[in-house]
Amino acid sequence: MVSQAQILQWLQAYATEIEQNKAYLTELDAAIGDADHGINMDRGFKKVSAQLPTLTDKDIGNILKTVSMTLISSIGGASGPLYGTWFLRASTAVLGKQELTAQDVLGLLQAGLDGVLQRGKAQLGDKTMVDVLFPAVAAFRQTVGENKGIVEAMQESVAAAQNGLLKTIPMQAKKGRASYLGERSIGHQDPGGTSAYLMLKSLLGVLESSGE
Ligand code: ADP
Ligand code: MG
């Protein structure tokens, strides 16, 4: 099970990870975008971080919904609505829950991905966060289907996310600002894919440190 407290820890861990990688994410976006991805994400997750202490008595669905609203109202660019949608859809998959089973986590990850796919209309191979989120959900589903626990499923998910992230390097961007560069987008790692990988890695870190 993943507890409500672990979800709050995850959000704090991700906010810290974003802060520590702010310059790196912005550098990645400088190569193929407008050099604001780290700044955008850090602005949003600093707000989330400040809000977390007010959410300690809320259920997981409620927490994720509040995060969504905060991100939508504070992050500009493409990533604000996309992460806002990811958290909004994730929240509706776990409404009213105080803890999550492996199936719940799968439902959350799938719903978040579906939201991003519907909102951004990117396909696999377009060099976006979808290239990270999609294989991550597939690996989680497969591992849970083999009756393994949540931690192992998340380990496989993060490994698949990392693999998907590296695969964005040789891709030519087909969506977002990077697509304006055409072939010149080839050879660079996708910034939004990188922040999506960090999001999943932060969740794994919390699950592993809780010794589940
Ligand atoms: P902007 O491109 O508006 O400056 P950011 O720099 O914050 O926004 O975010 C860029 C990231 O957003 C990209 O690296 C990519 O992963 C993601 N992205 C852009 N467009 C889409 C889309 N249509 N679907 C999914 N992800 C997208
Ligand atoms: Mg940008």
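Counting starts at 1 for both ligands and their atoms, in listed order.
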Which of the atoms in ligand 1, numbered in the order shown and given with their element, are less than 4.0 Å from a heavy-atom of [X]?
X    : result
P191 : 14 (O)
A122 : 24 (N)
D29  : 6 (O)
G192 : 11 (C), 13 (C), 14 (O), 16 (O)
G193 : 16 (O)

Original post:
Would L165 and D131 count as a side-chain contact (heavy atoms from CB on, under 4.5 Å) if you check the C-alpha gap in whole Å, the side-chain angles of each, and the deciding distance to 0.1 Å?
Top reply: CA-CA 7 Å; L165 177 58; D131 293 307; over 6 Å; no
Protein heavy atom at shortest distance from [atom]:
atom                    : answer
atom 9 (O) of ligand 1  : H37 ND1, 3.3 Å
atom 20 (N) of ligand 1 : G176 CA, 3.6 Å
atom 16 (O) of ligand 1 : D190 OD2, 2.6 Å
atom 7 (O) of ligand 1  : S79 OG, 2.5 Å
atom 3 (O) of ligand 1  : A78 N, 2.7 Å
atom 23 (N) of ligand 1 : G120 O, 2.8 Å
atom 17 (C) of ligand 1 : M129 CE, 3.9 Å

**OP:** Kindly report the OD1-the Mg ion (ligand 2)-OD1 angle for D34 and D36 respectively, rounded to 10°.
**Re:** 80°
Subject >> V67 reachable from L88 in the ILVMFWY side-chain graph, under 4.5 Å edges >> reply: no
**OP:** Would you kindly confirm whether L82 and I39 end up in one hydrophobic cluster when ILVMFWY residues are joined by side chain heavy atoms under 4.5 Å apart?
**Re:** no
**OP:** Can you establish whether the number of heavy atoms outside Q98 located under 6.0 Å from its atom CD is more than 12?
**Re:** yes
**OP:** Count the heavy atoms belonging to other residues, nucleotides or ligands that lie under 6.0 Å from NZ of K167, then report whether that count exceeds 12.
**Re:**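 It does not: K167 NZ has 12 such atoms or fewer within range.
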Are [X] and [Y] linked by a side-chain donor-acceptor pair shorter than 3.5 Å?
X    : Y    : answer
T194 : Y24  : no
Q118 : D114 : no
T16  : Q20  : no
Q51  : T70  : yes

Subject >> For the Mg ion (ligand 2): the N/O/S atom of D29 at shortest distance >> reply: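 For D29, the N/O/S atom sitting closest to the Mg ion (ligand 2) is OD2.
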Original post:
Would you say ligand 1 has an N or O under 3.5 Å from any N or O of K175?
Top reply: no
Subject >> N or O contact, G76 vs ligand 1, cut-off under 3.5 Å >> reply: no
Original post:
Hey, does K121 sit under 4.0 Å from ligand 1 if you only count heavy atoms?
Top reply: no
Original post:
G33 near ligand 1, heavy-atom distance under 4.0 Å?
Top reply: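 Checking ligand 1 against G33, which is what was asked, there is no heavy-atom contact under 4.0 Å.
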Subject >> Residue among I150, V105, L106 satisfying side-chain contact (heavy atoms from CB on, under 4.5 Å) with L100 >> reply: V105
Original post:
How does D34 reach ligand 1, by side chain, by backbone, by both or by neither, if only non-hydrogen atoms under 4.0 Å count?
Top reply: side chain
Subject >> Within reach of ligand 1, part of L82 (heavy-atom separation under 4.0 Å) >> reply: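 For L82, only side-chain atoms sit under 4.0 Å from ligand 1.
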**OP:** Supply the atom-to-atom distance S209 OG to L204 CG, rounded to the nearest 0.5 angstrom.
**Re:**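 Interatomic distance, S209 OG to L204 CG, rounded to 0.5 Å: 9.5 Å.
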**OP:** Report the C-alpha distance between T26 and D29 in whole Å, list the side-chain angles of each, state the deciding distance to 0.1 Å, and finish with yes or no for side-chain hydrogen bond (donor to acceptor under 3.5 Å, both in side chains).
**Re:** CA-CA 5 Å; T26 291; D29 197 32; over 6 Å; no
